[in-house]
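Heads up, the thing below is written out as structure tokens.
Quick note: numbers below take in every heavy atom, side chains included, and nothing from hydrogens, waters or symmetry partners. Letters A, B, ... are given to chains in the order of the sequence lines, protein chains preceding strands, and every chain is numbered from 1.
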Amino acid sequence: MPSFQTTPGTRDILPPDAVRWRSFVEEFDAIVSLAGFQHIVVPMFEDLGVFQRLGDATDVVTKEMYDFVDKGGRHVALRPEQTAGVCRSFAQHRPLPPWKVWYSGPNFRYERAQHGRYRQFDQVGVEALGSDDPLLDVEVIALAVDFFQKLGLRNVVLNINSLGDSGDRARYVEALSQYFQARIGELSPESVATLERNPLRVLDSKRDSEQAVVAQAPFISGFLSDEAASHFAQVKQGLDALGIAYVVNERLVRGLDYYCRTTFEFQSTALESAQTAVGGGGRYDGLVEDLGGPATPGIGFAIGLDRTLLACDAEQVFPHPSTKADVFVIDTTGGLQALQLCQQFRTAGFASERAYGGRAMKAQMKAADKSGATYAVIIGTDELSQGVATVKSMVDGYQEEIPLDSVVEHVAAQLRKVSS
RNA sequence: GUGGGCGUAGCUCAGUUGGUUAGAGCGUCGGUUUGUGGUACCGAAGGUCGGGGGUUCGAGACCCCUCGUCCACCCCA
């Protein structure tokens, strides 16, 4: 018999982790819904061209895309992120701006797996299309800040920067290119190659030997147009008004080419691995137009589930939700009593569990203990013949006999008393 | 894609310079007399030592290949 395991870079999210994943998304939903963002579901794969608009100098597009030709001859790709899909959706359906949506779900990038980095990875995120108001940038950033706070994270640092408008950016890239060319001897072969493709990315280098050259490189702030500079100033002003702490990091360029003006990234200082970015985003004012829609400004962010949960683990916050049973039914008469009682408890809205396979009383008690149930309801041959059930508190061990036909009501009343 | 570490029971790991029937802890299941959990004690199940080739009288240990995994670069969430 062949045996199988998950393909590289993918993994099973088992209980109780999957339970925690779901409540993570629920928390996110709760926060962004209050700000008027509505849920959207876009396809997990799209025409390859949709994602190519992310930029031909981005690795996400050029080397990490899961693309294939389907049976109908269409060249499609699994989404590497969801912003492009949302913008395509906007261009296709032309909703009334401002259009504020949120999403969650898996994305796919073909790269070597690492701590906090997988080929299939989940994100939650928002996109707001149709307004270039800098205070919208602030509102969007504030949502992410609120979310991290809600999770209980304290060691998340907000980095912000402005990449300017396309003209500013082009002039800056030119200046950067000239600078690095002049000091090309100090760059690693890898960075020289990166310089060819996208000079901005050289700023991202983590190689120690290059830190000096990178540190002395020209700054973007010197190239911003008056409009872009003013926009950035208003964003900072808005953040200040909300009391949100941030660090202006002019080396923050981010990997997707479509970003302009405001860009930001959340770094967890609690994580020690290489992947410390738990979330990030920015403006992409030209993207909708690139996808065939009307010229529409947009801003959004994405937060990585895995990394953020790793940060939660590191800070010991956002614990796994409880999955305890309320009541455990022990039946040594064959199982029919447990079958019926569990059903009745569930109908009444209480989590009820039981053992299967006619196991010994002691084994069933152990199972009851492990289930975390507050009460055990025991039905043996004695109880059955007398028409009663033994109700035992798993907390203090106290037990009493209750008529079988009122046992659900009795235990339900006790449980309500405990929870109130 | 490049480089490095690691692959032994469900999990975490031992396994001495290659030498008989591969071990422990945890977990699981059962038991410690009559129908009662958390503790303790006893016992059991569970592994073709990632896979394939090679060296050897003999390989879990050594060599090669391969797959997987982890970490770093890269990239990004």
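By the 4.5 Å heavy-atom criterion applied to side chains, A:Val60 and A:Arg109 are counted as neighbours. Taking the side chain as every heavy atom from C-beta outward, A:Ser162 and A:His231 never approach each other to under 4.5 Å. A:Tyr172 has its side chain out of reach of A:Leu163: every pair of non-hydrogen atoms, C-beta onward, lies at least 4.5 Å apart. You'll find the side chain of A:Leu309 reaches within 4.5 Å of the side chain of A:Phe318, heavy atoms only.
As judged by a 4.0 angstrom heavy-atom cut-off over every strand, A:Thr308 is placed among residues making no nucleic acid contact. Among the atoms of the strands shown, only primed sugar atoms or phosphate atoms (P, OP1, OP2) are found under 4.0 Å from some heavy atom of A:Asp204. In this structure, A:Tyr110 reaches neither bases nor backbone, as no heavy-atom distance under 4.0 Å exists between it and the strands shown. When heavy atoms are screened at a 4.0 angstrom cut-off, A:Arg109 is found touching base atoms of the nucleic acid. A:Pro80 comes within contact range of no nucleotide atom at all, as no heavy-atom separation falls under 4.0 Å. Residue contacts for A:Glu190: at a heavy-atom cut-off of 4.0 Å it reaches no nucleic acid atom on any strand shown. If you check every strand for non-hydrogen atoms under 4.0 Å, A:Glu383 touches a base. Among the atoms of the strands shown, only primed sugar atoms or phosphate atoms (P, OP1, OP2) are found under 4.0 Å from some heavy atom of A:Arg207. At the heavy-atom level, A:Gly125 lies nowhere under 4.0 Å from the strands shown. Among the atoms of the strands shown, only primed sugar atoms or phosphate atoms (P, OP1, OP2) are found under 4.0 Å from some heavy atom of A:Ala363. Contacts of A:Lys370 with the nucleic acid, taken as non-hydrogen atoms under 4.0 Å apart, involve only primed sugar atoms and P, OP1 or OP2. At the heavy-atom level, A:Lys206 lies under 4.0 Å from base atoms of the strands shown.
Between the C1' atom of B:G35 and the CE atom of A:Met361 lies a distance of 4 Å, rounded to the nearest Å. When the P atom of B:U36 is taken as reference, atom CD of A:Glu401 falls 15 Å away, rounded to whole Å. The distance from atom CD of A:Glu64 to atom P of B:U2 is 15 Å, rounded to the nearest whole Å. Summarising the geometry, the separation between CG on A:Leu252 and C1' on B:C75 is reported as 14 Å, rounded to the nearest angstrom. Between the P atom of B:A77 and the CD atom of A:Glu81 lies a distance of 8 Å, rounded to the nearest Å.
Residue A:Thr83 forms a side-chain contact (heavy atoms from CB on, under 4.5 Å) with just one option from A:Phe51, A:Tyr259, A:Tyr258, and that option is A:Tyr258. Of the options A:Gln123, A:Arg119, A:Glu81, a side-chain hydrogen bond (donor to acceptor under 3.5 Å, both in side chains) to A:Asn107 is made by A:Gln123 and by none of the others. In summary, of the residues considered (A:Ile220, A:Leu195, A:Leu200), a side-chain contact (heavy atoms from CB on, under 4.5 Å) with A:Leu176 occurs for A:Leu200 alone.
B:U56 and B:C13 have their C1' atoms separated by 29 Å, given to the nearest Å. Comparing B:A44 with B:U36, their C1' atoms sit 24 Å apart, to the nearest whole Å. Only the P atoms considered, B:C41 is 31 Å distant from B:U20, to the nearest whole Å. The P atoms of B:G46 and B:A22 are separated by 14 Å, rounded to the nearest whole Å. Look at the C1' atom in both B:U12 and B:U69: the space between them is 16 Å, to the nearest Å. Nucleotides B:C42 and B:U33 have their P atoms positioned 16 Å apart, rounded to a whole Å. Rounded to the nearest Å, the gap between the C1' atom of B:C67 and that of B:G52 is 10 Å. Remark: the separation of the P atoms in B:U2 and B:A45 is 47 Å, to the nearest Å.
For the pair A:Arg251 and A:Phe219, the distance from NZ or CZ to the six-membered ring centre is under 6.0 Å and the angle to the ring normal is within 45 degrees.
The aromatic rings of A:Phe28 and A:Phe301 sit perpendicular to each other, their planes meeting at more than 60°, with 30° as the lower class boundary.
Looking at A:Lys362, its side chain has no donor and acceptor atom pair within 3.5 Å of the base of B:U36. In this model, a side-chain donor or acceptor of A:Glu111 finds a partner on the base of B:A77 within 3.5 Å. With hydrogens and angles left out, the side chain of A:Gln399 and the base of B:U36 share a donor-acceptor pair within 3.5 Å.
Nearer the 5' end of RNA chain B, as judged by each residue's closest nucleotide, is the contact made by A:Asp396, out of A:Phe266 and A:Asp396. Both A:Ile379 and A:Asp306 lie near RNA chain B, and the one whose nearest nucleotide falls closer to the 5' end is A:Ile379.
Put simply, A:Lys366 has no side-chain N or O that comes within less than 4.0 Å of OP1 or OP2 on B:C29. Between A:Thr381 and B:G35 there is no side-chain polar atom (N or O) within less than 4.0 angstrom of OP1 or OP2. Within the 4.0 Å cut-off from OP1 or OP2 of B:C73, not a single side-chain nitrogen or oxygen of A:Arg112 is found.
Distance from the side chain of A:Arg201 is smallest to B:C76 among B:G37, B:C76, B:C71. Comparing B:G1, B:G37, B:G30 by their nearest atom to the side chain of A:Arg359 picks out B:G30. Among the nucleotides B:C74, B:C76, B:C75, the one closest to the side chain of A:Gln114 is B:C74. Side chain of A:Ile378, nearest nucleotide from B:U36, B:C73, B:A77: B:U36. Of the listed nucleotides (B:G30, B:A77, B:U36), B:A77 has the atom at the smallest distance from the side chain of A:Phe121.
The pair A:Arg197-A:Asp59 counts as a salt bridge, with a side-chain nitrogen and a carboxylate oxygen less than 4.0 angstrom apart. Using a cut-off of 4.0 Å between Lys/Arg side-chain N and Asp/Glu carboxylate O, A:Arg20 and A:Asp313 are scored as salt-bridged. Between A:Arg283 and A:Asp137, at least one side-chain nitrogen of the basic residue sits less than 4.0 Å from a carboxylate oxygen of the acidic one, meeting the salt-bridge criterion.
Taking a 4.0 Å limit (strictly below) on heavy-atom distances, residues 275-284 of chain A reaches RNA chain B at A:Gln275, A:Ala277, A:Val278, A:Gly279, A:Gly280. Applying a 4.0 Å cut-off to non-hydrogen atoms, none of the residues of residues 316-340 of chain A approaches RNA chain B.
Listed for the A:Arg307 side chain is a donor-acceptor partner under 3.5 Å among the backbone atoms of A:Gly116.
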